[in-house]
Number of protein chains: 2
Amino acid sequence: MAGRAAVPEVIWARPERTGRGPKPAFTRADIAAAAVRLADAGGLDAVSMRHVAAELGCGTMSLYNYVPRKEDLYELMVDAVSGEHELFEPTGDWRADMLRNARQTKALMHRHPWMVRLMSGVYGFSPNALRYLEHCLACLDPLDARAGTKIELVAMLNGCVTTYVSNELSTAERVRSLPWSEEQENAVRIAYLGSQVASGAYPRLAASFMEDAGPIDLDAVFERMLERVLDGFSPRG
Amino acid sequence: MAGRAAVPEVIWARPERTGRGPKPAFTRADIAAAAVRLADAGGLDAVSMRHVAAELGCGTMSLYNYVPRKEDLYELMVDAVSGEHELFEPTGDWRADMLRNARQTKALMHRHPWMVRLMSGVYGFSPNALRYLEHCLACLDPLDARAGTKIELVAMLNGCVTTYVSNELSTAERVRSLPWSEEQENAVRIAYLGSQVASGAYPRLAASFMEDAGPIDLDAVFERMLERVLDGFSPRG
DNA sequence: CCTAGTTACGTACAGCGTACGTAGTGCGCT
DNA sequence: AGCGCACTACGTACGCTGTACGTAACTAGG
């Protein structure tokens, strides 16, 4: 009969080896790495069970011995890149440390643009995610606040970074499945936005466009956002 | 030949009627409403071109006369529910007004849980989204700040609300495609999380679990988050 | 040693987005 | 007035997806 049980489980709780039978040809790390490679190269849509299996050099259905559902493959991917966080030694300056963490997260998501799409749909407590969370809490040791508050800080900071990068890359990832280039897509959208703003229906929005005529400094926007989040948690702020 | 052009375009720029030919049987609003109805009832996965066409009572391919790509259908959906925002008269108290906007957004996303998945993937400047943005800017008239700063405020507030609701509903929406119930899923994940925390590998995380033993008041967390965001933009804060 | 549990993988199915072809309809132009 | 073209409508078909299921080979535990 089928060893594949249709029973609730977390992939992390399922042991990677069980002893019986021929020894598995791949580790979970192998599989995650293959999937990440495909996603980096061809976007999230390039990650199909068939493609990952081909990348590993095995039959499609063999993958299901390691990964019961596609969802779990996504979870492996998120965990794998979560492991890319550098867990440095806390310096004692919690603001500086958290800034460093946030900037790292942003860089990580730029390296793996498909992450933003997975973040809102995958459960966030894989081993490496827990490790990162623990690291953040260690950075926050000097902050005098309840543990719950610290977790709220980490969640809010991560959330803001995610949405920021999501906005930044909104076209970049989506355009992969479109039959035209990112430049064309942006041009046509900006043209529409311009026509709407020029229509006079959105006076305040139009005024804002007049104000900052030049190109916006996205990095500065990002840094301002971080400062504001941290301010919200600083004592006497 | 094909009237279906594989050329970059925004669906909002394409006129709904062109004069020539038999008159369309549906409006964009009809289509959006049908798709939203399906998504509310059966989750985002229930929104397929075939299903929407069936809901409207037309052939699958007829839908492509109105909606050139599935992506555009999503855009119609987002715009339709964006129109559910109540654009009240600003009171002069920008903090209170923005709180009201944020709470409305949260309620809206609870009514349409699939929205969080669409928000990070769909371009954010549909007509109703622009109207809402303009409304927020009107609420912020009393705030003495550059227009760019106000837009940052709106973006940050919306972003935080989105990620908050996303975390809140992460299982709820995902579990629809799983062969077991949300309760089972949560139970199994909490069991795993508990086992990890109990393993001693994450001491600070464990301490935090000890601290707030009781169930957390999610609404309070939400309100605290909003206050912190607004604080970051209040003068002399 | 035997056998139960595992790995491996081909086949098959239902569903998806959508390219394409054809038939019918009615506005705009000459 | 009437021709032609742009449009609507929609059936068929293709390539892709996730994955249920069956079969064959293999190996560790009793």
Side-chain angles (χ1 to χ4, degrees), chain A residues 1-7 11 14-28 30-31 35 38-39 42-76 121 174 176-180, chain B residues 1-7 11 14-28 30-31 35 38-39 42-76 121 174 176-180:
Chain A
M1 273 301 158
R4 285 181 279 280
V7 123
I11 189 157
R14 149 196 289 228
E16 212 170 336
R17 278 249 27 204
T18 51
R20 213 71 88 87
K23 81 164 69 149
F26 319 105
T27 64
R28 259 174 220 165
D30 292 335
I31 296 172
L38 286 175
L44 199 53
D45 293 342
V47 178
S48 74
M49 297 302 269
R50 276 169 245 257
H51 283 159
V52 174
E55 176 83 7
L56 289 166
C58 72
T60 305
M61 293 316 288
S62 308
L63 240 181
Y64 280 88
N65 287 318
Y66 303 86
V67 177
R69 286 163 298 113
K70 178 108 191 268
E71 273 266 318
D72 293 308
L73 179 59
Y74 286 151
E75 210 147 338
L76 290 188
R174 183 177 29 126
R176 304 197 82 119
S177 61
L178 261 44
W180 52 76
Chain B
M1 275 301 155
R4 284 183 280 279
V7 124
I11 189 158
R14 152 197 287 230
E16 209 169 340
R17 279 255 19 210
T18 50
R20 217 71 90 88
K23 84 163 70 147
F26 319 105
T27 65
R28 260 173 218 165
D30 293 335
I31 296 172
L38 287 176
L44 200 54
D45 293 342
V47 178
S48 74
M49 297 301 268
R50 277 171 243 259
H51 282 160
V52 174
E55 176 83 5
L56 289 166
C58 71
T60 304
M61 293 315 288
S62 308
L63 205 55
Y64 280 87
N65 288 318
Y66 303 86
V67 177
R69 285 162 301 114
K70 177 105 191 273
E71 273 266 317
D72 293 308
L73 179 59
Y74 286 151
E75 210 147 338
L76 289 188
R174 182 175 31 124
R176 304 197 81 121
S177 61
L178 262 43
W180 52 75

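Since this is a predicted model, take the numbers as computed values, not measurements. Chain letters run A, B, ... following the sequence lines, proteins first, then strands; residues in each count from 1.
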Quiz item: Going 5' to 3' along nucleotides 25-30 of chain C, which nucleotides have protein heavy atoms under 4.0 Å from the base (write B), which only from the sugar-phosphate (write S), and which from neither (write -)?
Solution: BBBS--
What's the [atom1]-[atom2] distance between [X] and [N], to the nearest Å?
X: A:N65; N: C:dG10; atom1: CG; atom2: C1'; result: 14 Å
X: B:F26; N: D:dT8; atom1: CZ; atom2: P; result: 12 Å
X: B:I31; N: D:dA9; atom1: CD1; atom2: C1'; result: 13 Å
X: B:M61; N: D:dC7; atom1: CE; atom2: P; result: 17 Å
X: B:L178; N: D:dT19; atom1: CG; atom2: C1'; result: 14 Å
X: B:L56; N: D:dT8; atom1: CG; atom2: C1'; result: 15 Å

Exercise. Would you please name every residue forming a side-chain hydrogen bond (donor to acceptor under 3.5 Å, both in side chains) with B:R69, sequence neighbours left out?
Key: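 For B:R69, the residues satisfying side-chain hydrogen bond (donor to acceptor under 3.5 Å, both in side chains) (neighbours in sequence not counted) are B:D72.
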Practice problem: Not counting sequence neighbours, which residues clear side chain to side chain contact (heavy atoms under 4.5 Å, CB included) with A:A39? List them please. | Solution: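 Partners of A:A39 under the side chain to side chain contact (heavy atoms under 4.5 Å, CB included) test: A:V47, A:M77, A:W114.
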Quiz item: With sequence neighbours excluded, what pairs up with B:R50 under the side chain to side chain contact (heavy atoms under 4.5 Å, CB included) test?
Solution: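 B:R50 satisfies side chain to side chain contact (heavy atoms under 4.5 Å, CB included) with B:S48, B:T60 only.
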Practice problem: Five pairs at each end of the helix from C:dC1-D:dG30 to C:dT30-D:dA1: take the axis at both ends and give me the angle between them to 10°. | Solution: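 Inter-axis angle at the termini of the helix from C:dC1-D:dG30 to C:dT30-D:dA1: 10°.
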Quiz item: What residues, two or more places apart in sequence or in another chain, satisfy salt bridge (Lys or Arg N to Asp or Glu O under 4.0 Å) together with B:D30?
Solution: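 Salt bridge (Lys or Arg N to Asp or Glu O under 4.0 Å) list for B:D30, sorted by chain: empty.
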Quiz item: Mind checking what makes salt bridge (Lys or Arg N to Asp or Glu O under 4.0 Å) contact with B:E16, not counting sequence neighbours?
Solution: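 Testing B:E16 for salt bridge (Lys or Arg N to Asp or Glu O under 4.0 Å), a comparison that skips the adjacent residues, returns none.
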Exercise. Check ring pair (Phe, Tyr, Trp, His ring centres under 6.0 Å) between A:F26 and all other residues, then give those that pass, not counting sequence neighbours.
Key: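 Checked A:F26 against ring pair (Phe, Tyr, Trp, His ring centres under 6.0 Å); matches are A:Y66.
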Heavy atoms only: give me the nearest [X]-[Y] pair and the separation to one decimal.
X: A:G59; Y: A:A53; result: O-CB, 3.6 Å
X: B:I31; Y: B:V67; result: CG2-CG2, 4.3 Å
X: B:N65; Y: B:R14; result: O-NH1, 3.4 Å

Practice problem: Respond yes when some side-chain nitrogen or oxygen of B:S62 is under 4.0 Å from OP1 or OP2 of D:dT8, and no when none is. | Solution: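 Result: no.
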Quiz prompt | B:Y66 side chain near D:dA9 phosphate (N/O to OP1/OP2, under 4.0 Å) | solution =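 So the side chain of B:Y66 is within the cut-off, an N or O lying under 4.0 Å from OP1 or OP2 of D:dA9.
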Give every pair of a protein N or O atom and an N or O atom of nucleotides 13-17 of chain C that lie under 3.5 Å apart, one pair per line with the distance.
residue : atom : partner : partner atom : Å
C:dC16  : OP1  : B:S48   : OG           : 3.0
C:dG17  : OP1  : B:K70   : NZ           : 2.7
C:dG17  : OP2  : B:M49   : N            : 3.0
C:dG17  : N7   : B:R50   : NH2          : 2.5
C:dG17  : O6   : B:R50   : NH2          : 2.9

Practice problem: To the nearest 0.5 Å, tell me how far A:L38 CG sits from A:H51 NE2. | Solution: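 A:L38 atom CG to A:H51 atom NE2 measures 7.5 Å (nearest 0.5 Å).
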Quiz item: Going from CD on B:E71 to CG on A:L178, what distance comes out if it is rounded to the nearest 0.5 angstrom?
Solution: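 It comes to 6.0 Å.
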Practice problem: Among C:dT18, D:dC21, C:dA8, find the nucleotide with the atom closest to the side chain of A:A25. | Solution: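 Nearest to the side-chain atoms of A:A25, counting from C-beta on, is C:dA8.
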